[in-house]
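For ligands, and for the atoms within them, numbers begin at 1 and follow the listed sequence. Reckoned from all heavy atoms, side chains included, excluding hydrogens, waters and symmetry mates.
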Amino acid sequence: MKVAYSPQLMEESVFRHLNHLERSGMRSDYDEYHSLADPIYELPEDDREEAFAKVNQLFFLEKLGLGDFVLQALEACGLIPKRQRTPQEVTVPEITEGDAGGEASQSVEGSGEGGEEVALADNDDEEGSMEITYEDQARHFEEKIKEIVIKRAINKVDEGSNVLNRVSGLPVIEMRVLASRFANPDEMHELESFLIHEFMHARDMMDPEFDYEDAFIPGNPSIKNLITARFRLLWNIYVDSRLARRKIKSILTKDARYREFDNYYRKIPEEQRRGIFKGLWESEKLTHEELLSMATDLETMISKYIDYTEEFTEEDRDYIHLQGSPCPLCKFPTYNWVDDPESVCDEMVIEAIQIDFVDWESKDGACDRCIEVYELRAGTS
Ligand SMILES: [Zn+2]
Ligand SMILES: [Zn+2]
């Protein structure tokens, strides 16, 4: 298996890194680069590109050691076995406090330098045995992967990992990353966290037990987007929780992931919501199909992680109107639910709805626009 870097990524990363060093008063690498690169302009035009590429590669891989961060990320998520290393080398970032902030803003935020580990309510006893299986699996993965290609992303949306040739048996991991993440030596822990998180997705995609499939998600585009967004969230939780149990810092903390989860599922009563998140966070083995069906259907997620009680029955679940679920009247994905119109509207509004929708009950709820329409029709607004 080999790790390859695109010339564009190496060029821009080296350029940004050296400029950053130069601005910080460290000129030696910068000067050395120019002493090698500037004479290239004297060469015939046809030879320049190759000559620049060589210098960039020399700096990216050897002088600046930027490829080391990629290798360490691959080790951390068990895609290649751990190499022997000297103690001075940079190690995988550990969980530190002060890691708040969204996924999107990570590259501009420095993480806290406290180095204090966040106390996580996870079972430490299991860790030893998990490490061992990791090592074995790492060798197994390394043998399977044909190549890992690191390319330059054009923007944040373009960033991420993918596995090509998954089915044919010679998988190629393609990672797209912003060159700006390689610029600042003080932000290398954020780069590493990003790479680890993304490689974990790729690792799952190659793991026969995860059983990744390019699934077709039925429904209209907005339902599809919603299911995809929930699926991503659940998969991100699955990735970050496993890293947290191994004390490896990912892009978001447990609290930050809970806030995301809370955003999507705030209609579930708090006790049950916390119970589901806890169950998800403690899951060591999930499959693609499980994540997708949980993202599609609330019933699956609830019954997997919590028990129904007198305070929270299966019937209560039916009346949870999640953001983006279709309104029973207009069938459009709804973000502004009126959960129990009976409690806020005139009786005549309820009757007007039931003339059109005989089986509809107030607890089924409706979108605010439908309620407005029926209020007008009933002449109550
Ligand atoms: Zn992710
Ligand atoms: Zn509606």
Side-chain angles (χ1 to χ4, degrees), residues 73 76-77 79 99 101-107 153 156-163 173-178 181 190-207 210 212 220 222-223 228-244 248-254 256-261 264 280-281 283 286 288 291-292 295 321-341 344-345 349-350 352-354 356-357 359-378:
C77 44
L79 283 168
D99 181 46
E103 194 158 335
S105 63
Q106 281 298 299
S107 67
K156 273 207 178 283
V157 181
D158 189 38
E159 284 194 299
S161 63
N162 195 11
V163 180
I173 298 180
E174 194 182 86
M175 169 76 88
R176 290 181 180 273
V177 52
L178 287 173
R181 291 189 189 269
E190 276 80 62
L191 166 69
E192 193 111 324
S193 296
F194 169 83
L195 293 171
I196 289 171
H197 176 96
E198 290 303 329
F199 279 135
M200 283 294 281
H201 283 299
R203 183 183 193 274
D204 282 342
M205 289 173 82
M206 291 187 303
D207 185 347
F210 187 73
Y212 183 87
N220 65 45
S222 58
I223 296 278
T228 306
R230 281 196 216 130
F231 171 77
R232 283 216 185 101
L233 167 67
L234 299 178
W235 195 3
N236 282 338
I237 291 171
Y238 180 47
V239 164
D240 288 347
S241 60
R242 284 175 290 164
L243 292 172
I248 298 169
K249 190 181 155 214
S250 187
I251 44 178
L252 285 189
T253 61
K254 183 178 181 180
R257 284 293 178 212
Y258 182 72
R259 284 194 293 277
E260 287 188 342
F261 179 81
Y264 277 96
L280 271 170
W281 192 264
S283 292
L286 287 170
H288 178 252
L291 290 173
L292 187 59
H321 307 122
L322 284 188
Q323 303 300 96
S325 306
C327 163
L329 309 181
C330 66
K331 314 285 188 253
F332 277 104
T334 302
Y335 296 90
N336 299 304
W337 280 93
V338 180
D339 286 314
D340 187 14
V344 290
C345 303
V349 178
I350 306 301
I353 297 174
Q354 282 170 336
D356 290 347
F357 298 88
D359 295 330
W360 182 86
E361 290 178 89
S362 178
K363 274 186 141 184
D364 296 331
C367 73
D368 59 349
R369 272 182 290 175
C370 280
I371 294 298
E372 229 171 87
V373 168
Y374 280 97
E375 278 177 338
L376 281 172
R377 218 182 274 183

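Between the side chains of Tyr374 and Asp356, at least one donor-acceptor pair of N or O atoms lies under 3.5 Å.
For Phe210 and His201, the ring centers are positioned 6.0 Å apart or more.
Atoms SG of Cys327 and SG of Cys370, as seen from the Zn ion (ligand 2), are separated by an angle of 110°, to the nearest 10°. Here the angle centred on the Zn ion (ligand 2), running from SG of Cys330 over to SG of Cys367, is 110°, rounded to 10°. The Zn ion (ligand 1) forms the vertex of an angle spanning OD1 of Asn236 and NE2 of His201; to the nearest 10 degrees it equals 90°.
Taking 2.8 Å as the criterion, Met200 does not count as a coordinating residue of the Zn ion (ligand 1), since none of its N, O or S atoms falls below it.
The closest donor-acceptor contact from the side chain of Ser325 to the backbone of His321 lies at 3.5 Å or more, if one exists at all.
Tested against His197, the residues Ser250, Cys77, Ser161 include a single side chain to side chain contact (heavy atoms under 4.5 Å, CB included) partner, Ser250.
Checked against the Zn ion (ligand 1), the N, O or S atom of His197 at the shortest distance is NE2.
Separation of atoms CZ (Phe199) and CD1 (Ile173) is listed at 6.5 Å; rounding is to 0.5 Å.
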